[in-house]
Amino acid sequence: MADPHGFLTVPRRELPERRPVPIRLLDYREVYEAGDPDQLRRQASRCMDCGVPFCHQGCPLGNLIPEFNDAMYRGELPRAVDLLHATNNFPEFTGRACPAPCENACVLSINQPAVTIKQVEVSIVDQGFAAGLIQPEIPDRITGHTVAVIGSGPAGLAAAQQLTRAGHTVVVYERDDRLGGLLRYGIPDFKLEKQHIDRRLSQMRAEGTRFETGVEIGVDLTLEELRSRFDAVIVCTGATVPRDMPVEGRELDGVEFAMDYLVPSNRAQAGDEPTPIDAEGKHVIIIGGGDTGADCLGTALRQKAASVTTLAIGAKPPAERSERDPWPTVPRIFEVQTSHEEGGERKYLASTTGFVGDAEGRVNGIAVAETQFVDGRRIPTPGTEHRLDADLVLLALGFSGPEAEVLGLDVAETGAFARDDSYAASAPGVFVAGDAGRGQSLIVWAIAEGRAAAAEVDRFLTGSTRLPEPVRPRDTGFKG
């Protein structure tokens with residue numbers, strides 16, 4: 001194990017340090033400073049190497065967390081890199097964009113702050129790349145089988161890399177002009193700089209994975225055409241249909257889906273045309289208090305919005321784990337992301353009842369009432385309505401499922417593509433992984449499902465598999 005006394009003598013410290021708020025609001029670079037290797041080793045020393053490491057239960061990938069903490073504490077970077085990649089294709093993504101359910105399940109968190117697992121993870125992969133330890137893994141054989149992957153988000157990239165390394169010929173189809181899915185255009189650079197995606201794509205190309213951008217399956221190529229060209233197809237399109245808010249005034253200009261705001265902003269940072277939706281000088285209201293809402297907040301502040309207010313329909317979560325969320329479950333607690341440190345106001349128990357506009361049909365306000373709970377439902381309280389000024393309203397309410405009608409596959413009651421326990425969809429030779437089959441979820445689940453689906457495809461093509469199989473999908477209604 002790491003230092004046997006580490007958890008007793010070393011307090012948790014958030015590392016790397018975050019750049020000062022006034023400085024980081026001037027750009028879109030990642031908010032973190034360069035990490036101090038000695039301090040990160042000290043944080044790794046807090047891992048107790050528990051007899052039953054519940055961090056494994058918290059991580060869908062089954063990351064070897066006590067082992068890589070021990071390796072980092074001992075300064076054994078090559079071993080840490082190997083341990084980390086044994087279960088996770090892209091720790092540089094999860095280390096930046098995952099909410100770290102492993103830390104919620106850390107045994108130390110029963111009565112102390114958890115081990116900084118996420119920070120150790122990202123430091124391993126960044127140091128590994130800097131030291132030249134992460135190189136292409138060329139397959140030692142070519143099977144002759146071909147696989148098409150639809151979508152280049154984390155699930156699609158994980159499935160593609162696993163199958164390429166198993167010796168199959170893999171082509172990834174992406175409808176956007178750049179690869180990465182929502183990693184590329186949905187997550188702002190201040191949370192995930194795109195050089196990390198490009199670095200990993202270079203590795204995958206060297207391994208033999210092929211990529212085709214600007215090709216939308218169901219439009220430019222039908223699924224049937226793809227099935228006729230390839231031995232297997234994996235659908236990893238994500239859950240991209242946004243949840244709407246059908247209230248009075250929804251049609252007003254300036255009431256936008258969050259992704260219609262974030263995607264052009266991310267494109268502008270990549271050198272494309274300036275974003276058509278700019279928050280500069282505007283009073284911005286964000287409806288939805290999750291990760292996407294926080295991304296909108298950080299972006300609006302960098303665009304110099306006059307004010308930014310985030311509305312959440314529910315009550316403000318407690319500051320600490322409550323009895324209703326016992327360890328090692330993921331607790332519902334008050335979260336302060338880096339964007340929340342930077343500014344803006346957060347309002348809770350806020351039920352939006354409508355949008356108010358001017359004579360030109362543009363939003364200039366929002367009608368809000370206090371939320372009450374009736375028979376388990378959250379509804380507006382009569383007599384509490386009031387108006388908030390708003391020049392731009394962003395709907396960050398999550399996603400309802402994939403754009404299912406384009407591919408013509410069976411859909412489960414959840415709205416996601418139906419699939420069985422082997423990730424197989426309703427069409428022979430077609431498999432589904434990630435949010436497209438699971439519904440809106442975490443990046444760590446997308447990678448885990450991409451890896452598991454790759455193992456099932458390998459078995460489908462060859463009769464057996466040497467690839468790891470970390471997770472099984474939840475029942476989504478399709479029994480085969």
Side-chain angles (χ1 to χ4, degrees), residues 11-21 24-25 31-32 43 54-55 58-59 94-119 187-188 190-191 243 258 284-301 305 307-352 368-373 376-378 380-381 384 388 394-398 440-444:
R12 178 181 169 111
R13 180 177 173 185
E14 299 293 335
L15 294 170
E17 302 287 351
R18 296 169 182 174
R19 295 190 290 139
V21 168
R24 70 191 197 218
L25 284 178
V31 302
Y32 293 99
Q43 290 302 304
F54 274 79
C55 52
C59 177
T94 53
R96 289 175 166 85
C98 178
C102 54
E103 294 187 16
N104 292 314
C106 175
V107 175
L108 186 58
S109 70
I110 294 176
N111 62 357
Q112 288 191 46
V115 175
T116 55
I117 299 169
K118 178 177 173 179
Q119 294 164 347
I187 300 177
F190 54 78
K191 185 183 287 185
R243 288 193 175 91
V284 180
I285 290 183
I286 302 165
I287 303 178
D291 288 343
T292 303
D295 293 344
C296 290
L297 169 62
T299 301
L301 291 172
S307 68
V308 187
T309 304
T310 301
L311 304 183
I313 193 172
K316 182 179 179 179
E320 298 180 351
R321 186 190 293 269
S322 71
E323 293 182 355
R324 293 186 299 177
D325 299 314
W327 174 89
T329 62
V330 177
R332 184 175 180 272
I333 60 176
F334 183 69
E335 184 180 12
V336 179
Q337 296 194 28
T338 58
S339 293
H340 299 134
E341 297 174 341
E342 296 166 354
E345 183 180 2
R346 304 167 79 175
K347 293 181 180 292
Y348 293 88
L349 293 176
S351 292
T352 301
V368 180
E370 183 176 338
T371 305
Q372 63 175 324
F373 296 82
R377 296 182 303 120
R378 298 177 293 191
T381 303
T384 64
L388 299 174
L394 302 173
L395 304 181
L397 304 171
Q440 178 184 340
S441 190
L442 305 178
I443 182 175
V444 66

Would you compute the distance between atom [atom1] of [X] and atom [atom2] of [Y] and round it to the nearest 0.5 angstrom?
| X | Y | atom1 | atom2 | value |
| --- | --- | --- | --- | --- |
| Ile285 | Leu388 | CD1 | CG | 4.5 Å |
| Ile117 | Thr94 | CD1 | OG1 | 11.5 Å |
| Thr371 | Tyr348 | OG1 | OH | 12.5 Å |
| Ile187 | Thr292 | CD1 | OG1 | 9.0 Å |
| Arg96 | Gln119 | CZ | CD | 12.0 Å |
| Arg19 | Tyr32 | CZ | OH | 11.5 Å |

Counting N and O atoms only, with roles assigned by atom type, does the side chain of [X] sit under 3.5 Å from a partner on the main chain of [Y], one being a donor and the other an acceptor?
| X | Y | answer |
| --- | --- | --- |
| Gln43 | Pro11 | yes |
| Arg243 | Leu395 | no |
| Lys118 | Cys98 | yes |
| Glu341 | Val21 | no |
| Glu370 | Leu349 | no |

Heavy-atom closest pair, residues [X] and [Y]:
| X | Y | answer |
| --- | --- | --- |
| Pro318 | Arg332 | CD-O, 3.5 Å |
| Gly288 | Thr310 | O-CG2, 3.6 Å |
| Ser351 | Ile313 | OG-CG1, 3.6 Å |
| Thr384 | Ala369 | OG1-CB, 3.4 Å |
| Phe190 | Asp295 | CZ-O, 3.7 Å |
| Pro113 | Arg12 | CB-CD, 3.6 Å |

Taking side chain as C-beta onward, heavy atoms only, is [X] less than 4.5 Å from [Y]?
| X | Y | value |
| --- | --- | --- |
| Leu297 | Glu342 | no |
| Arg24 | Arg18 | yes |
| Ser339 | Leu301 | no |
| Asn104 | Pro331 | yes |
| Trp327 | Asn111 | no |
| Thr309 | Lys347 | yes |
| Leu15 | Thr116 | no |

